[in-house]
Amino acid sequence: GKRKNSTYEAGKRSTAWLKVKATNSADFVIGGYTKGKGARAPLGALLLGYWQGNKLRYASHVGSGFDDRSIKRTKALLEPLQRKTNPFAEEPELNAPTSWVEPKLVAEVQFQGWTDDHHLRAPVFLRLRDDIDAKEVRHKVEKEKPSRSLSEVEQILDQLKTDRAALTLAVGAHQVRLTHLDRVYWPADPALKQPALTKRDLLRYFAQVSPFILPHLADRPLTMIRMPDGIHGQRFFQKHWEQERPDFVQTITVFSAHKDEQHAYLLCNNLPTLLWLAQSGTLEFHVWHSRAKPGPDTAGKGTDYASSLAALESSVLNYPDYVVFDIDPYIYSGKEAPGAEPELNTVAFEKAKEVAFWLRELLQGMSLEPIVKTSGKTGLHVFVPIRRTLDFDAARQVSEIVGRHLMRRHPKDITLEWSVPKRTGKIFMDYNMNVRGKTLNVAYSPRGAPGAPVSMPLTWEELANAHPLDFRLANAAERLARTGDRWGDVLKRKQSLEKVLERAKP
DNA sequence: GTCGTCC
DNA sequence: GGACGACAACGCAGA
DNA sequence: TCTGCG
Ligand SMILES: [Mn+2]
Ligand SMILES: [Mn+2]
């Protein structure tokens with residue numbers, strides 16, 4: 001039967017999923033230590049930091065990874081270094097009695113990346129570094145490498161090598177039933193130099209890019225665009241999954257004003273879910289711009305999304321992570337059927353790029369630094385990451401005002417018209433995408449379009465010479481291995497919009 | 001891709 | 001057992 | 001208030 005209570009329990013994450021995260025190790029300066037309980041009475045945790053100029057930036061507590069010997073030795077070395085004052089530039093949050101020490105001792109720590117508020121995720125003490133001068137410990141962390149996830153991904157690729165059209169895939173501790181692996185999803189397209197791509201190819205792609213796409217999907221309500229018979233078959237949107245689903249699939253319940261009902265949305269929060277959705281014929285993953293996850297930028301916002309409209313509106317889901325500029329060319333190729341949407345063409349995309357660069361210039365004039373990706377279809381997505389202090393309404397106002405400003409400068413090239421015919425020949429800036437519940441194709445999601453293009457985050461330098469079909473299912477994994485995620489730090493680049501909003505006021 | 005319904 | 005439909009849905013803009 | 005829109 002259907003699962004009634006599908007709420008995900010953080011404590012029950014499988015080890016398989018934990019492995020997907022990148023692992024780093026780095027050296028940090030010890031600036032204090034805490035008392036613990038029982039056997040850990042002498043030393044509960046270390047307070048770690050690194051030098052930035054002459055400021056010691058706090059990075060994290062670390063309490064895991066010690067044994068009796070390392071506790072004894074570390075404590076002995078720290079005791080003589082005690083001081084009365086906090087050596088860090090910040091006031092770290094203290095959860096136990098804390099002793100400050102002169103920042104002279106260095107510890108090597110393994111961790112799973114950085115949290116949004118610049119602390120270490122899941123830090124584990126490895127050893128003391130007597131050989132390193134504490135003054136040399138700057139903020140130089142080795143680039144995150146998905147080394148540990150590689151083996152997991154390769155295990156999946158191995159399993160997909162079979163000739164069989166169906167199999168039960170082991171994804172860590174979980175199992176995903178796969179069928180119709182040789183079904184053609186993207187037929188061969190000689191004009192685009194595109195060999196046929198099957199469902200097996202789609203699964204291979206998702207396995208390979210999973211370390212890059214999963215962070216962009218995490219905690220965001222999902223709309224699936226499903227094409228179980230391939231890109232030329234019937235396609236449909238799906239926002240809710242009422243059928244039975246595996247245990248590893250997380251959902252959230254969201255209030256629906258219209259039906260006076262509660263709706264379950266899927267969250268694609270782990271690798272088995274990603275592959276299970278591919279098995280269901282989901283070719284495109286469209287996600288909200290807000291997340292069902294509180295953070296350091298959401299003080300006072302709730303996590304009750306279900307009980308009432310008021311609760312939803314005051315929850316974190318009403319506060320987007322970015323202001324969205326959806327850049328849609330309405331310059332037609334001339335080959336479209338009457339009434340059809342504009343098809344991809346070079347003239348249109350070159351103009352969209354020009355608009356994106358104008359937009360960047362304007363935003364930079366407001367001290368805002370936007371990021372850009374191809375949508376995969378015909379246009380571009382330009383995002384300004386913001387702290388989650390503005391609701392969708394405010395984000396939409398910003399997008400509209402900036403859009404109108406740009407339209408005034410370039411009236412022949414930009415439109416904000418609601419009527420489709422009036423957009424003809426121009427680039428449409430769709431500021432109304434900044435609304436709760438609206439979705440866009442997520443970074444690295446494929447499109448159900450000829451050539452199997454994917455939405456690709458780019459540097460602005462790369463955009464200058466880019467074309468949507470440069471980035472495809474067939475070559476994106478290779479690019480990512482080379483360049484990493486150009487949007488890897490979206491959630492760490494949050495900016496303030498106060499000035500823009502002041503100007504917006506009448 | 002899968003389920004429910006109708007014949 | 002085969003055919004067929006469902007699988008979204010909401011608030012904003014403009015008239 | 002109705003309709004087109006994504
Ligand atoms: Mn678009
Ligand atoms: Mn659009």
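When the C1' atom of dG6(D) is taken as reference, atom CD of E341(A) falls 9 Å away, rounded to whole Å. As rounded to whole Å, 11 Å separates atom P of dC10(C) from atom CG of L309(A). Distance D393(A) CG to dC12(C) P: 7 Å, rounded to the nearest Å. Nucleotide dA6(C) holds its C1' atom 16 Å from the NZ atom of K239(A), rounded to whole Å. Put simply, CG on D229(A) is 14 Å from C1' on dC4(C), counting in whole angstrom units. If you measure from atom CD of E242(A) to atom P of dA8(C), you get 8 Å, rounded to the nearest angstrom. Rounded to whole Å, atom P of dC7(C) lies 13 Å from atom CD of Q234(A). Separating the CE atom of M433(A) from the C1' atom of dC5(D) is a distance of 11 Å, rounded to the nearest angstrom.
For Q238(A), taking side-chain heavy atoms from C-beta onward, the closest of the listed nucleotides dA8(C), dC12(C), dT2(B) is dA8(C). Ranking dA8(C), dT2(B), dC12(C) by closeness to the F237(A) side chain, first place goes to dA8(C). Of the candidates dC10(C), dC12(C), dG6(D), dG6(D) carries the atom nearest the R423(A) side chain, counting heavy atoms from C-beta on. The side chain of D326(A) approaches dG6(D) more closely than any other nucleotide in the set dG6(D), dA13(C), dA8(C). For F428(A), counting side-chain heavy atoms from C-beta on, the closest listed nucleotide (dG6(D), dC5(D), dC12(C)) is dG6(D). Minimum atom distance to the side chain of N432(A) is reached by dA13(C), of the listed dA13(C), dA15(C), dG1(B). Of all nucleotides listed (dG11(C), dG1(B), dG6(D)), dG6(D) comes nearest to the side chain of Y330(A). Nearest nucleotide to the R226(A) side chain, out of dG6(D), dG1(B), dA13(C): dG1(B).
Between H289(A) and F383(A), the ring-plane angle classifies as perpendicular under the 30° and 60° cut-offs.
Outside the 6.0 Å centre-distance limit, the rings of F212(A) and W487(A) are not counted as a close aromatic pair. Two rings, from W288(A) and Y265(A), have their centers less than 6.0 Å apart. Annotation: F206(A) is not in aromatic contact with Y444(A) [ring centroid separation under 6.0 Å not met].
Between the base of dG4(D) and the side chain of W418(A) there is a donor-acceptor pair shorter than 3.5 Å.
An OP1 or OP2 oxygen of dT2(B) is reached within less than 4.0 angstrom by no side-chain nitrogen or oxygen of R245(A). Distances shown here put a side-chain N or O of Y431(A) below 4.0 Å from the OP1 or OP2 atom of dA13(C). Remark: R183(A) is in phosphate contact with dG1(B), judged by side-chain N or O atoms under 4.0 Å from OP1 or OP2.
Remark: the backbone N or O of T179(A) is paired with a side-chain donor or acceptor of K199(A) at under 3.5 angstrom.
On the C1' atoms, dC5(D) is 14 Å away from dA8(C), given to the nearest whole Å.
With hydrogens and angles left out, the side-chain atoms of S315(A) and K301(A) include no donor and acceptor closer than 3.5 Å.
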